[in-house]
Amino acid sequence: MKKALLALAMTGVLLAAGGLAPAAENQLEDVIFAEVYAAREAAEEQNASLLSPKNWARATRALELAEVDFANEANLQRTRERVASAQADFKAAAAAAARAHETFSGLLKVREDARSVDGYLHGPDSWKRAEARFRDALAELEAGDSVMAARRADEAEDAYRAAELSAIKASLLLESRSLVASAEAAKAKKYAPKTLASAKSLLSQADNELTQNRYDADLPRSLARDANYEARHALFLSNYIQEQRKAKAGWEDVILACERSINSIAAAAELPATFDNGVEPPTSSIVDYVQEQRAARRRLERDLEERNEQIYAMQEELSRLEERLGGVSEERTALTRRLAEQDEQRQRFERVEGLFEPEEGEVLRSGADVILRLTGLQFDTGESEITDSHTALLGKVMSAIGEFPGARIVVEGNTDSHGSNRYNDRLSTDRARSVRKFLLTNMELPPALVDSAGYGESRPIATNDTREGRARNRRIDIIIRTRHADDTPGV
């Protein structure tokens, strides 16, 4: 400060003598403004322009006037006084901003969340109200009224959350709303009222889910996709019906068009299609054909896996036989025994496979493990208790397990992607435990050989984007380990 005063005194003398040289003027500017610029930078680091607007505005105005005075070579004493005032206000702004960071940390996060999803664009009224309450809260904090500051902060947080919710809904539901509006404009309310109503209901459900839990978007996103489909379907139906009316097509024309579509599918499968009893008989034939083809494919895959295992085993045996010619007869006997065991295992698998209908589940094989994929073992929403509706299917499971005495059993629970990860993990674990308890209660199984585990939504076997896919993902898998981990295959 002494240096600054000395520089000011010298400057006065120089000015009286006719002005400053450029170098001297720059040096003097550094002396006068260095500290205030540092104070401004420190306040900027605290985001003081947002968090202490009054102090920041006073400091900025005083600094601007000081810079004008200096540029015009006005009274240096007044320049110094304005610089000192600006520096004090910048320091006050930095301190107030630091207090605001601590006091309003939660509010600042909520504000950033809303800003990051463009809440100011999609919820402009809520955003304006939130910003106004935020400024009021900062002003009250600057004035020292912490109670009123907290009240205004709560009001601001509610408004920011409303803006954020509007933005999230706009992001997820904008397309659905647009499609519903297009369907309504196409007179779907008159020509496809049920399909349009379904689209609106799904859209309303998605909206409600977001309102209740905006941060778990899996279910709302899925509902929105379903709403999009139903709205597009309603739009198609409305336009199609109106086109048929304009073409003066009758019910017969419409039905014949549907029959032609079904007939083309039947022809591709080389199936006869007759419609004298309606569309249900040929449709059922096509469905049966598809299921048979799926089952045949699974059998072929299983047979191929078994053949590969046999070929690999035989190659190993041949290699050992070539190395140990003295024991050819014994080795050949062991090989024959192993092939017989493999054939018996295959027959067991086929008997187990024949226990289950396609809608109940499917039987898979992975190495020595037999997997009962029970997509038909469905629980009520949020429930995990075994009921009378489960006993018939679980009876078949017990018959399947009985085919493999001494095997280890693992019951695995799985869910679809709706709901939080924690909730789904817990629900799948509870359901797996219920099935394990049922098996131990109704079969003479050593508890040590029966385990259970829940995997939530982490192991999908189908897409979660459709109702059918989600239904397949909500399942119980029973793993029958016919060979224990510590077993060594015999030779």
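With a 6.0 Å radius and a threshold of 12 heavy atoms from other residues, nucleotides or ligands, N308 has its CG atom above the threshold.
Every residue was checked against the salt bridge (charged side-chain N to carboxylate O under 4.0 Å, His left out) condition with E44, not counting sequence neighbours, and none meets it. The side-chain contact (heavy atoms from CB on, under 4.5 Å) search around T79 returns I32, F33, A66, D69, F70, L76, V83, not counting sequence neighbours. Annotation: ring-ring contact (aromatic ring centres under 6.0 Å, His included) contacts of F356 (sequence neighbours excluded): none. Every residue was checked against the ring-ring contact (aromatic ring centres under 6.0 Å, His included) condition with Y423, not counting sequence neighbours, and none meets it. Remark: H418 engages no residue in a ring-ring contact (aromatic ring centres under 6.0 Å, His included) (not counting sequence neighbours). Evaluation of the ring-ring contact (aromatic ring centres under 6.0 Å, His included) rule for Y191 yields no partner, not counting sequence neighbours. Taking the side-chain contact (heavy atoms from CB on, under 4.5 Å) definition, one finds that R436 meets it with V411, L440, P447, V450, S452, sequence neighbours left out. R426 is linked by a salt bridge (charged side-chain N to carboxylate O under 4.0 Å, His left out) to nothing, counting only residues two or more places apart in sequence or in another chain.
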Q: Given ring-ring contact (aromatic ring centres under 6.0 Å, His included), test H390 with F379 step by step and report yes or no.
A: CA-CA 9 Å; H390 299 126; F379 294 81; 4.7 Å; yes
**Q.** side-chain hydrogen bond (donor to acceptor under 3.5 Å, both in side chains) between N228 and S176, worked out
**A.** CA-CA 5 Å; N228 291 352; S176 300; 2.5 Å; yes
Q: Report the C-alpha distance between T391 and F438 in whole Å, list the side-chain angles of each, state the deciding distance to 0.1 Å, and finish with yes or no for side-chain contact (heavy atoms from CB on, under 4.5 Å).
A: CA-CA 9 Å; T391 54; F438 179 92; 4.2 Å; yes
**Q.** Worked check of side-chain contact (heavy atoms from CB on, under 4.5 Å) between V435 and I478
**A.** CA-CA 9 Å; V435 174; I478 307 289; 4.0 Å; yes
Q: Give the C-alpha distance, both sets of side-chain angles, the deciding distance and a yes or no for side-chain contact (heavy atoms from CB on, under 4.5 Å) between R40 and W56.
A: CA-CA 9 Å; R40 181 177 64 182; W56 178 269; 4.0 Å; yes
Q: Starting from the C-alpha separation in whole Å, work towards a yes-or-no answer on side-chain hydrogen bond (donor to acceptor under 3.5 Å, both in side chains) for E112 and S116.
A: CA-CA 6 Å; E112 177 57 26; S116 66; 5.2 Å; no
Q.
Before you tell me yes or no, could you show the steps for E468 and R472 under side-chain contact (heavy atoms from CB on, under 4.5 Å), namely the whole-Å CA-CA distance, both residues' side-chain angles and the distance that decides it to 0.1 Å?
A. CA-CA 6 Å; E468 294 77 8; R472 284 179 55 76; 5.9 Å; no
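Within the model, atoms CD of Q244 and CG of L237 stand 11.5 Å from one another, a figure rounded to the nearest 0.5 Å. The distance from atom CG of D369 to atom CD1 of I480, rounded to the nearest 0.5 Å, is 9.5 Å. Note: R82 CZ to E67 CD = 12.0 Å, rounded to the nearest 0.5 Å. Between the CZ atom of R80 and the CG atom of N75 there is a distance of 10.0 Å, given to the nearest 0.5 Å. Atom-to-atom distance recorded for E164:CD and Y120:OH is 13.5 Å, nearest 0.5 angstrom. How far CZ of R373 is from CG of D477: 4.5 Å, rounded to the nearest 0.5 Å.
Among all heavy-atom pairs drawn from L235 and A183, the shortest one is CD1-CA, 4.0 Å. Pairing each heavy atom of S238 with each of A192, the nearest pair is N-CB, 4.3 Å. G367 and E309 make their closest contact through CA-OE2, 3.8 Å (heavy atoms, listed as atom of the first residue, atom of the second, distance). Nearest heavy-atom pair across A199 and A231 is CB-N, 3.6 Å. Taking all atoms of both residues into account, the shortest heavy-atom contact from L393 to G376 is CD2-C, 3.8 Å. The heavy-atom pair separating A224 from A206 by the smallest distance is N-CB, 4.2 Å.
Note on residues 169-179: pairs passing salt bridge (Lys or Arg N to Asp or Glu O under 4.0 Å), not counting sequence neighbours, are K169-D207, R177-D207. Residue pairs satisfying the salt bridge (Lys or Arg N to Asp or Glu O under 4.0 Å) criterion with at least one member in residues 224-234, sequence neighbours excluded, are listed as follows: R225-D465, D226-R470. Counting only residues at least two apart or on different chains, the side chain to side chain donor-acceptor pair (under 3.5 Å) pairs with a member in residues 179-190 are E184-K200.
For the pair R111 and E131, the salt-bridge criterion is met [side-chain N within less than 4.0 Å of a carboxylate O]. In this structure, E362 pairs ionically with R298, as a charged nitrogen and a carboxylate oxygen lie closer than 4.0 Å. Salt-bridge check for D158 with R161: failed, with every basic side-chain N at 4.0 Å or more from each acidic carboxylate O. Look at D113 and K109 and you find a salt bridge, because one of the NZ, NE, NH1 or NH2 atoms lies within 4.0 Å of a carboxylate O, short of that distance. Under 4.0 Å is where a charged nitrogen must lie from a carboxylate oxygen, and between E157 and R152 no such pair does.
At a threshold of 4.5 Å between non-hydrogen side-chain atoms, the residues S52 and N55 count as touching. Residues E301 and E305 fail the side-chain proximity criterion, which asks for heavy atoms closer than 4.5 Å. By the 4.5 Å heavy-atom criterion applied to side chains, V36 and L63 are counted as neighbours. Within the 4.5 Å cutoff, side-chain heavy atoms of Q291 are placed close to those of V287. Residues I286 and T283 form no side-chain contact, since every pair of their non-hydrogen atoms from C-beta on lies 4.5 Å or further apart. For the pair L439 and I401, the minimum side-chain heavy-atom distance is below 4.5 Å. You'll find the side chain of L210 reaches within 4.5 Å of the side chain of L173, heavy atoms only. Contact of the D451 side chain with the I479 side chain is not registered, since no non-hydrogen atoms from C-beta on lie closer than 4.5 Å.
The backbone N or O of L174 lies less than 3.5 Å from no partner atom in the side chain of S178, so there is not a single donor-acceptor pair. Side chain of D380 to backbone of E383: no donor-acceptor contact under 3.5 angstrom is found.
When only modelled atom types and interatomic distance are considered, T60 and E64 share no side-chain donor-acceptor pair under 3.5 Å. A side-chain donor-acceptor contact under 3.5 Å links S201 and Q205. Of the N and O atoms on the side chains of N473 and N414, not one donor lies less than 3.5 Å from an acceptor on the other residue.
For the salt bridge (charged side-chain N to carboxylate O under 4.0 Å, His left out) with E412, the qualifying choice from R433, R475, R459 is R459, the only one to do so.
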For a quick test of your reading: what N or O donor-acceptor pairs under 3.5 Å do the side chains of residues 90-105 make, sequence neighbours left out?
unit_1: H101; atom_1: NE2; unit_2: Q46; atom_2: O; d: 3.1
unit_1: T103; atom_1: OG1; unit_2: R99; atom_2: O; d: 2.8

